[in-house]
Amino acid sequence: MRIIIAIAAFLLAAGTTNAAEIKALISTAMKAPFEEIAAQFEKATGHKVSAAYGPTGGLAKRIADGETADMVVLGGSQTPELMKQGKLAAGSNTDIARGMIGAGVVKGAPKPDISSEAAFKAALLSAKSIAVTDPASGGGSGVYFGKLFEQMGLAQSLKPKLKLAAGGPNGYAATFVARGEAEFALQPIPELMAVPGIEVVGPLPGAFQNVTTYTASIPTSAKEADAAKALIKTLAAPSSAAIYRARGLEPG
């Protein structure tokens, strides 16, 4: 209720009256909180939000290739790169949430010890199968693990035991774990939480952790920029903080 009141108050102050359809491209890890906040935004404003979800890299490529959208939420370095290319409106970017990478197992299954860097390395080596996002999908965590395993000197040792997920909301790495095809999954904690039957072991330790900032921006191709700005303001509002935390993210 508080978030709806906050949205309504903002719109009264802004003088927003005309309903619009906002086309949004949203990074997979932000799917659950975005859907909840967008639904409340729609009720409060009369605007409609039409969202597509996918790996950050894939969404960024779509924008770079000329696809039109009214707003995007991307993780990591993709936003500044698209800004340099002139694909996102200057000054439109707002950091709305941060997320960590973690490990997940089937509820009730033994949990790997990932409490320290040494323990995490040992867990990787002792596991018979590990699910991660395929780097080729453009998913940020998949690209990250590809580089991390190389840096750890484990790329060749781990290659035969990796289960590569397609990425996006229909291709979570944790789905392999839920089906009994992998011992544990490594991916953003919000994505682990999105798969029924999965229990989060915890965040990766120390230097192996990778915190991703999710940034909302308005493409230069936007047709409903004013409505998109109102939605971004709502996503960044203090009233949305509890929704992010409930989905494994930190606001701002």
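Every value quoted in this text rests on a predicted model; they were computed, and no experiment measured them. FYI, side chains are in, hydrogens and waters are out, and symmetry mates aren't considered; it's all heavy atoms of this structure.
- If you chain together hydrophobic residues whose side chains sit under 4.5 Å apart, Leu204 and Met100 never meet in one group.
- Every salt bridge (charged side-chain N to carboxylate O under 4.0 Å, His left out) that Lys61 has, sequence neighbours left out, goes to Asp65.
- Follow the hydrophobic side-chain contacts under 4.5 Å out from Ile198 and you never reach Ile101; the two are in separate clusters.
- Judged by distance alone, with hydrogens and angles left aside, the side-chain atoms of Glu183 form no donor-acceptor pair with the main-chain N or O of Ile130 at under 3.5 Å.
- Between the side chain of Thr28 and the backbone N or O of Gly54, at least one donor-acceptor pair lies under 3.5 Å.
- The nearest pair of heavy atoms linking Ala178 to Val195 is CB-CG1, 4.1 Å.
- In this structure, the side chains of Asn93 and Leu88 stay at 4.5 Å or more apart for every pair of heavy atoms.
- Note: the hydrophobic cluster containing Ile26 also contains Val49 (ILVMFWY, side chain heavy atoms under 4.5 Å, direct or indirect links).
- Counting only residues at least two apart or in different chains, salt bridge (Lys or Arg N to Asp or Glu O under 4.0 Å) contacts with residues 81-91 are absent.
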Candidate pair Ile63 and Gln85, rule side-chain contact (heavy atoms from CB on, under 4.5 Å), full reasoning: CA-CA 10 Å; Ile63 293 294; Gln85 297 175 25; over 6 Å; no
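- The side-chain heavy atoms of Val72 and Pro219, taken from C-beta on, include a pair separated by under 4.5 Å.
- Between the side chain of Arg98 and the main chain of Pro251, a donor-acceptor pair closer than 3.5 Å is present.
- Look at Arg247 and Glu35 and you find no salt bridge, because none of the NZ, NE, NH1 or NH2 atoms lies under 4.0 Å from a carboxylate O.
- Cluster membership check: Val105 shares its hydrophobic cluster with Leu124, using side-chain heavy-atom separations under 4.5 Å among Ile, Leu, Val, Met, Phe, Trp and Tyr.
- Minimum interatomic distance between Pro203 and Ile114 (heavy atoms only, all atoms of both residues): O-CD1, 3.6 Å.
- Of the possible polar contacts, one joining the Asp70 side chain to the Glu224 backbone as a donor-acceptor pair under 3.5 Å is found.
- Nearest approach of Glu250 to Arg245, heavy atoms of both residues: OE1-NE, 3.3 Å.
- Lys161 approaches Lys128 most closely through the heavy-atom pair CB-O, 3.2 Å.
- Between the side chain of Ser240 and the backbone N or O of Thr234 there is at least one donor-acceptor pair closer than 3.5 Å.
- Each of Leu249 and Met193 belongs to its own hydrophobic cluster when Ile, Leu, Val, Met, Phe, Trp and Tyr are linked at side-chain heavy-atom distances under 4.5 angstrom.
- The two atoms that bring Phe176 and Ala131 nearest to each other are CB-CB, 3.8 Å, heavy atoms only.
- Using bins of under 30°, 30° to 60° and over 60° for the plane-to-plane angle, the ring pair Phe120/Phe208 lands in the tilted bin.
- A salt bridge does not link Glu117 with Lys121: none of the charged nitrogens is closer than 4.0 Å to a carboxylate oxygen.
- Using a distance-only test at 3.5 Å, with no hydrogens or angles considered, a donor-acceptor pair links the side chain of Thr220 to the main chain of Gly86.
- Members clustered with Val143: none, using a 4.5 Å side-chain heavy-atom cutoff among hydrophobic residues.
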Working for side-chain contact (heavy atoms from CB on, under 4.5 Å), residues Tyr214 and Thr79: CA-CA 9 Å; Tyr214 295 95; Thr79 296; over 6 Å; no
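- With Ser116 contributing its side chain and Ala119 its backbone, the two residues share a donor-acceptor pair below 3.5 Å.
- In this structure, the side chain of Thr68 does not engage the main chain of Ser221 through any donor-acceptor pair within 3.5 Å.
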